[in-house]
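Beneath this line is the structure, given in structure tokens, with notes to follow.
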Amino acid sequence: MPELPEVEVVRRGLTRWVAGRTVDSVEVRHPRAIRRHTAGPADFADRLTGLRLGTARRRGKYLWLPVTGGGPAAQTAAEGIAPLVTPSVTHGLAILAHLGMSGQLLVQPQDAPDEKHLRIRIRFADDLDTELRFVDQRTFGGLSLHDTVPGDPDHLPDVIAHIARDPLDAAFDDDAFHTALRRRRTTIKRALLDQSLISGVGNIYADEALWRSKLHYDRPTATFTRPRTAELLGHVRDVMNAALAVGGTSFDSLYVNVNGESGYFERSLDAYGREDEPCRRCGTPIRRRPWMNRSSYFCPRCQRPPRPARGA
DNA sequence: ATTCAGTCCTGTACGC
DNA sequence: TGCGTACAGGACTGAA
């Protein structure tokens with residue numbers, strides 16, 4: 001499942017292979033893949049055509065491409081003629097992407113066979129002979145076009161303004177996170193998955209960071225001390241950086257790769273998916289517990305459950 | 001305001 | 001073999 005490290009790999013690939021290119025045509029093959037674009041598939045395709053893509057950005061698991069143009073200069077470019085004036089004024093628009101559970105953004109030769117779950121195809125007004133494809137088996141992900149937050153240097157799409165910065169963002173505020181954590185009346189894994197508190201952490205990296213921190217997923221956030229929060233954040237960053245280091249090997253290829261090809265999941269996970277396998281610290285079998293319609297993996301010895309609250 | 005259950009989707013694995 | 005069911009699970013929605 002694409003979480004922050006995988007999405008970052010895609011971001012780099014997008015910047016390398018499609019930034020600076022101008023959209024020539026858009027084909028929406030499955031309306032659900034643009035369901036967040038409420039004006040519908042035709043509007044999405046029409047408005048995207050002629051726009052020039054900027055450098056890909058990321059916050060947590062969200063990706064976006066700020067776009068410029070749409071005016072006469074861009075139309076000239078769409079006809080394959082070099083524009084006299086490069087459009088530089090932002091229209092305050094960005095293409096937002098979320099990969100969901102199974103989404104992939106692929107840069108493919110135009111004559112490559114369609115993938116079985118190809119949802120959106122974007123062709124460009126140049127002679128590079130490659131196109132951008134959104135492929136998504138389960139259609140939890142999608143693309144959409146949005147206004148950006150006025151004055152935001154990263155051209156953040158307005159619809160994700162509520163998403164917190166992620167722990168690899170230089171502007172992530174550790175102290176503010178700790179304060180917000182203490183204020184919540186919830187448990188630590190729920191908090192880690194709350195994208196308005198900290199973004200980019202999904203089920204896999206939550207379990208991994210908790211295992212590294214020797215913390216049980218049901219520990220109340222109100223019990224967190226400043227050092228404990230700092231240690232947890234350190235482990236979140238470590239596990240994400242480790243994944244990024246492995247997953248980052250494939251972005252050099254033509255393919256903007258997304259899922260699992262790094263092998264990271266099979267080799268390096270300590271808790272997630274390891275039910276009944278020995279804990280790499282103490283040898284106790286890892287347990288799986290149903291949790292919020294999914295699973296939590298943990299070591300019952302290293303990660304002791306919290307003492308039940310009095311009066312419970 | 002905050003918390004949380006329900007919902008969307010499809011391929012795979014598994015028991016009978 | 002085929003059928004039904006559980007599971008993978010991010011993020012939005014709406015209710016409490």
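Below, chains carry the letters A, B, ... as their sequence lines are ordered, and counting in each starts from 1.
Using a 4.0 Å cut-off between charged side-chain N and carboxylate O, Arg165(A) and Asp173(A) make no salt bridge. The residues Arg228(A) and Glu231(A) are annotated as not salt-bridged, no charged nitrogen and carboxylate oxygen being separated by less than 4.0 angstrom. With respect to the salt-bridge test (charged N to carboxylate O, under 4.0 angstrom), the residues Asp175(A) and Arg226(A) qualify.
For the residue pair Ser102(A)/Arg138(A), the side-chain donor-acceptor check at 3.5 Å is not satisfied. Counted by atom type alone, Ser213(A) and Arg219(A) present zero donor-acceptor pairs between their side chains at under 3.5 Å. No hydrogens or angles considered: a donor-acceptor pair under 3.5 Å links the side chains of Thr139(A) and Arg32(A). Side chains of Glu115(A) and Gln104(A): no donor on one and acceptor on the other come within 3.5 Å.
One can place CG of Asp194(A) at 13 Å from C1' of dC12(C), the figure rounded to the nearest angstrom. As rounded to whole Å, 16 Å separates atom P of dG10(C) from atom CG of Leu63(A). For the pair Asp207(A) CG and dA8(C) C1', the interatomic distance rounds to 13 Å; values are reported in whole Å. Regarding Asn203(A), its CG atom lies at a distance of 14 Å from the C1' atom of dA11(C), rounded to whole Å. As a whole-Å value, the separation of Arg59(A) CZ from dG10(C) C1' is 18 Å. Summarising the geometry, the separation between CZ on Arg32(A) and C1' on dA11(C) is reported as 11 Å, rounded to the nearest angstrom. As a whole-Å value, the separation of His162(A) NE2 from dG10(C) P is 15 Å. Atoms CE (Met101(A)) and C1' (dA11(C)) sit 11 Å apart, rounded to a whole Å.
Of the possible polar contacts, none joining the Asp166(A) side chain to the Gly200(A) backbone as a donor-acceptor pair under 3.5 Å is found.
Across dG10(C), dA8(C), dC12(C), the shortest atom-to-atom separation from the side chain of Arg138(A) is found for dA8(C). Each of dC12(C), dG10(C), dA8(C) was ranked by its minimum atom distance to the side chain of Tyr62(A); first place goes to dC12(C).
Look at His98(A) and you won't find any side-chain N or O under 4.0 angstrom from OP1 or OP2 of dC12(C). For dG10(C), the OP1/OP2 oxygens have no side-chain nitrogen or oxygen of Tyr205(A) closer than 4.0 Å.
In the helix from dT2(B)-dA16(C) to dC16(B)-dG2(C), the terminal helix axes, each the rotation mapping four pairs' C1' atoms onto the next four within five end pairs, subtend 50°, rounded to 10°.
Within residues 287-296 of chain A, the residues that place at least one heavy atom under 4.0 Å from DNA chain C are, in residue-number order, Arg288(A), Arg294(A), Ser295(A).
Checking Gln137(A) against Arg35(A), the closest nucleotide of DNA chain B that is more toward the 5' end is the one next to Arg35(A).
Note on Leu93(A) and Ile160(A): separate hydrophobic clusters, where clusters join Ile, Leu, Val, Met, Phe, Trp and Tyr whose side-chain heavy atoms are under 4.5 Å apart, directly or indirectly.
Smallest separation of non-hydrogen atoms from Arg133(A) and Leu118(A): CB-CD1, 3.6 Å. Across all non-hydrogen atoms, the minimal contact from Phe134(A) to Gly142(A) is CZ-N, 3.5 Å.
Nucleotides of DNA chain B lying under 4.0 Å from heavy atoms of chain A occupy a range whose first and last members, 5' to 3', are dT3(B) to dG11(B).
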(request) Test side-chain contact (heavy atoms from CB on, under 4.5 Å) on Phe140(A) and His98(A) and set out the steps. (result) CA-CA 8 Å; Phe140(A) 271 47; His98(A) 197 293; over 6 Å; no

